[in-house]
Trainee: 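Input: one structure, supplied below.
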Amino acid sequence: MNSVLTGDVRQTLDQFRRSVDQLFENVYGFTGETGRSNLLGNGSHLLFSPVVETAWSDNALNLRAILPGVTQNELKVSVQNHQLVIEGERKAPEVFTKSGYTQLAYGKFRTEIALPAGLEVDKLNCRLHEGIMDIQIPVAEQMKPKQVQIQTGEARKSISA
């Protein structure tokens, strides 16, 4: 029962978001939160934006983008002005482009992630598997944490005033 109620709330909020996007598009000419819209055959606008998560290890910045239904040929990853740029297109199956109802979002997308200094972006590694793209960017050696040895000693220096 709880999951049914949660699904209804999510659906209602999603429909509300779409209505607000449509309002801004009609009134101000904006095309939604990503600046791009996707028009299905039934006239509804759905925007796809990949979900991205990040995590640090001692040796790298790890990113994961969830890209269901996006193939390697529909995807481009680049680094521009200290930004990791993930762009591509999630295409709707042909049966859904003409008519029908879907709660899934399709269309072109572009996600930019600010990269901190101290990463070796020339050694960036991407791997796309089962709709998930894992990106690993090594941390430069000079930026890695270093243990500082603490010295102890019996000798005390006097401070003269």
Side-chain angles (χ1 to χ4, degrees), residues 1-18 20-21 24 30-38 45-93 96 102-161:
M1 171 94 176
N2 192 14
S3 64
V4 171
L5 180 61
T6 303
D8 290 343
V9 170
R10 286 184 189 149
Q11 183 177 4
T12 302
L13 289 174
D14 187 48
Q15 289 172 346
F16 175 73
R17 181 189 57 79
R18 286 189 213 152
V20 170
D21 285 347
F24 279 98
F30 297 148
T31 56
E33 59 194 29
T34 62
R36 294 182 171 95
S37 67
N38 187 30
H45 290 266
L46 297 175
L47 303 170
F48 176 70
S49 182
V51 177
V52 178
E53 59 185 359
T54 62
W56 286 94
S57 68
D58 289 340
N59 299 318
L61 171 61
N62 301 289
L63 299 102
R64 175 171 278 183
I66 309 301
L67 302 160
V70 178
T71 65
Q72 181 179 354
N73 295 335
E74 300 165 330
L75 193 58
K76 179 182 171 190
V77 177
S78 61
V79 177
Q80 304 169 9
N81 299 323
H82 304 288
Q83 300 269 329
L84 177 70
V85 179
I86 303 170
E87 56 188 324
E89 183 173 8
R90 182 174 185 214
K91 296 179 181 175
F96 290 107
T102 182
Q103 291 184 335
L104 300 176
Y106 299 97
K108 293 183 179 184
F109 60 88
R110 180 180 171 101
T111 301
E112 298 178 6
I113 302 161
L115 296 175
L119 296 176
E120 296 180 345
V121 294
D122 55 324
K123 296 181 181 176
L124 184 142
N125 181 24
C126 293
R127 179 175 173 258
L128 182 64
H129 58 96
E130 299 176 1
I132 298 172
M133 184 172 55
D134 288 320
I135 302 170
Q136 188 174 53
I137 309 172
V139 174
E141 197 62 39
Q142 66 268 22
M143 298 302 289
K144 291 181 182 177
K146 293 182 177 56
Q147 180 92 21
V148 176
Q149 186 175 354
I150 302 171
Q151 298 180 4
T152 61
E154 298 291 325
R156 295 182 184 191
K157 295 183 179 180
S158 62
I159 300 174
S160 56

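Heads up: numbering here begins at 1 and tracks the sequence.
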Trainee: Considering non-hydrogen atoms only, spot the tightest contact between Val139 and Met143 and give its length.
Mentor: CG1-CB, 3.7 Å

Trainee: Would you compute the distance between atom NE2 of His129 and atom CG of Leu67 and round it to the nearest 0.5 angstrom?
Mentor: 10.5 Å

Trainee: Give the minimum heavy-atom separation between Leu75 and Phe109, together with the two atoms involved.
Mentor: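 Closest pair (atom of Leu75, atom of Phe109, distance): CD1-CZ, 3.9 Å.
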
Trainee: Are any of the side-chain heavy atoms of Leu63 and Ile86 separated by less than 4.5 Å?
Mentor: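 Leu63 does not reach Ile86 side chain to side chain.
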
Trainee: Tell me, yes or no, whether the heavy-atom count around Lys76 atom NZ, taken from other residues, nucleotides or ligands under 6.0 Å, exceeds 12.
Mentor: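 Not buried by this count: 12 neighbours or fewer within 6.0 Å.
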
Trainee: Hey, are the side chains of Ile137 and Val79 touching, using non-hydrogen atoms and a 4.5 Å cut-off?
Mentor: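 Answer no - side chains too far apart.
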
Trainee: To the nearest 0.5 Å, what is the distance between CD1 (Ile135) and OG1 (Thr54)?
Mentor: 11.0 Å

Trainee: Output the distance between atom CZ (Arg90) and atom OG (Ser49), rounded to the nearest 0.5 Å.
Mentor: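 Going from the CZ atom of Arg90 to the OG atom of Ser49 covers 11.5 Å.
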
Trainee: Any non-hydrogen side-chain atom of Val70 less than 4.5 Å from a side-chain atom of Met133?
Mentor: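 They are not in contact (no side-chain heavy atoms under 4.5 Å apart), so the answer is no.
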
Trainee: Determine the minimum heavy-atom distance between Phe48 and Pro68, stating which atoms define it.
Mentor: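 Smallest heavy-atom distance, with atoms named: CZ-CD, 4.3 Å.
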
Trainee: If you count heavy atoms of other groups shown closer than 6.0 angstrom to CD of Gln72, is the number above 12?
Mentor: no

Trainee: Going from CD1 on Ile66 to CD1 on Ile132, what distance comes out if it is rounded to the nearest 0.5 angstrom?
Mentor: 4.5 Å

Trainee: Which heavy atom in Gln136 sits nearest to a heavy atom in Ala60, and how many Å separate them?
Mentor: CG-CB, 3.6 Å

Trainee: Within a radius of less than 6.0 Å around CG of Asp122, do more than 12 heavy atoms belonging to other residues, nucleotides or ligands occur?
Mentor: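 More than 12 within 6.0 Å, yes.
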
Trainee: Which distance, rounded to the nearest 0.5 Å, do you find between the NZ of Lys91 and the NZ of Lys108?
Mentor: 9.0 Å

Trainee: Quick check: closest heavy atoms across Lys144 and Asp58, and the distance to 0.1 Å?
Mentor: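 Smallest heavy-atom distance, with atoms named: CG-O, 3.9 Å.
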
Trainee: Might you point out which heavy atoms bring Glu120 and Glu141 nearest each other, and give the distance in Å?
Mentor: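 Glu120 and Glu141 have their closest heavy atoms at OE2-N, 4.1 Å.
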
Trainee: Could you give the distance from CG (Asp134) to CD (Glu53), rounded to the nearest 0.5 Å?
Mentor: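 The distance works out to 8.5 Å.
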
